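Only one structure is covered here, and it is reproduced in the block below.
Since the structure is predicted, the reported quantities are computational estimates derived from the model, not experimental observations.
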Amino acid sequence: MLTYLEACAQEYQAKLRAEGQVKGLVKGRAEVLDENKISVCKRAERRFGAVAATDLARWIEGIEDGARLWEIVDLIFDCEDASEFAARLRQIA
């Protein structure tokens, strides 16, 4: 049988583990989002050139939703040139 102090210590350790897991998930998701942003910018650069990719990098800096990035990936494939890409990007802003 656990003493009261042992039970409190175990409860506290469980709470710390749970908080650590949440922090780890948040950090991991942020890292994946950052990697995806880099990947999207590389695709834009390959298709439309460095200027479009630089503008895109500034534009997506504050995005925290992966679904928004997928919209941009669709634009990269759908647009014929950099000017169309820039115009359609402004539309979804």
Exercise for the section: Kindly state each residue pair satisfying side-chain hydrogen bond (donor to acceptor under 3.5 Å, both in side chains) with at least one member in residues 46-57, sequence neighbours excluded. Expected result: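 Listed by first then second residue: D55-R58.
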Name the atoms and distances for all side-chain donor-acceptor pairs under 3.5 Å in residues 21-34, with sequence neighbours left out.
none

Practice task
Sequence neighbours left out, what passes side-chain hydrogen bond (donor to acceptor under 3.5 Å, both in side chains) with S39? Give chain and number order.
Solution key: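 None.
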Compile the donor-acceptor pairs under 3.5 Å between side chains in residues 77-87 and protein atoms, sequence neighbours left out, one pair per line.
{"from": "D81", "atom 1": "OD1", "to": "S83", "atom 2": "N", "distance (Å)": "3.3"}
{"from": "D81", "atom 1": "OD1", "to": "S83", "atom 2": "OG", "distance (Å)": "2.9"}
{"from": "D81", "atom 1": "OD1", "to": "E84", "atom 2": "N", "distance (Å)": "2.8"}
{"from": "E84", "atom 1": "OE1", "to": "E80", "atom 2": "N", "distance (Å)": "2.7"}

Enter the distance from [X]:[atom1] to [Y]:[atom2] here, rounded to the nearest 0.5 Å.
X: I60; Y: D65; atom1: CD1; atom2: CG; answer: 12.5 Å
X: E45; Y: I76; atom1: CD; atom2: CD1; answer: 11.0 Å
X: D74; Y: R88; atom1: CG; atom2: CZ; answer: 9.0 Å
X: R43; Y: F48; atom1: CZ; atom2: CZ; answer: 13.0 Å

Exercise for the section: With sequence neighbours excluded, give me every ring pair (Phe, Tyr, Trp, His ring centres under 6.0 Å) pair touching residues 17-38. Expected result: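 Listed by first then second residue: nothing to list.
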Handout entry: Side-chain touch W70/L75, heavy atoms, less than 4.5 angstrom
Key = no
Practice task
For R17, enumerate each residue passing the salt bridge (charged side-chain N to carboxylate O under 4.0 Å, His left out) test, keeping only those at least two apart in sequence or located in another chain.
Solution key: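 Listed in chain order: nothing, the list is empty.
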Problem - Test side-chain contact (heavy atoms from CB on, under 4.5 Å) applied to K15 and E19, step by step - result: CA-CA 6 Å; K15 180 182 175 186; E19 288 175 1; 3.2 Å; yes
Handout entry: Connected via hydrophobic side-chain network under 4.5 Å: I38 and I63
Key = no
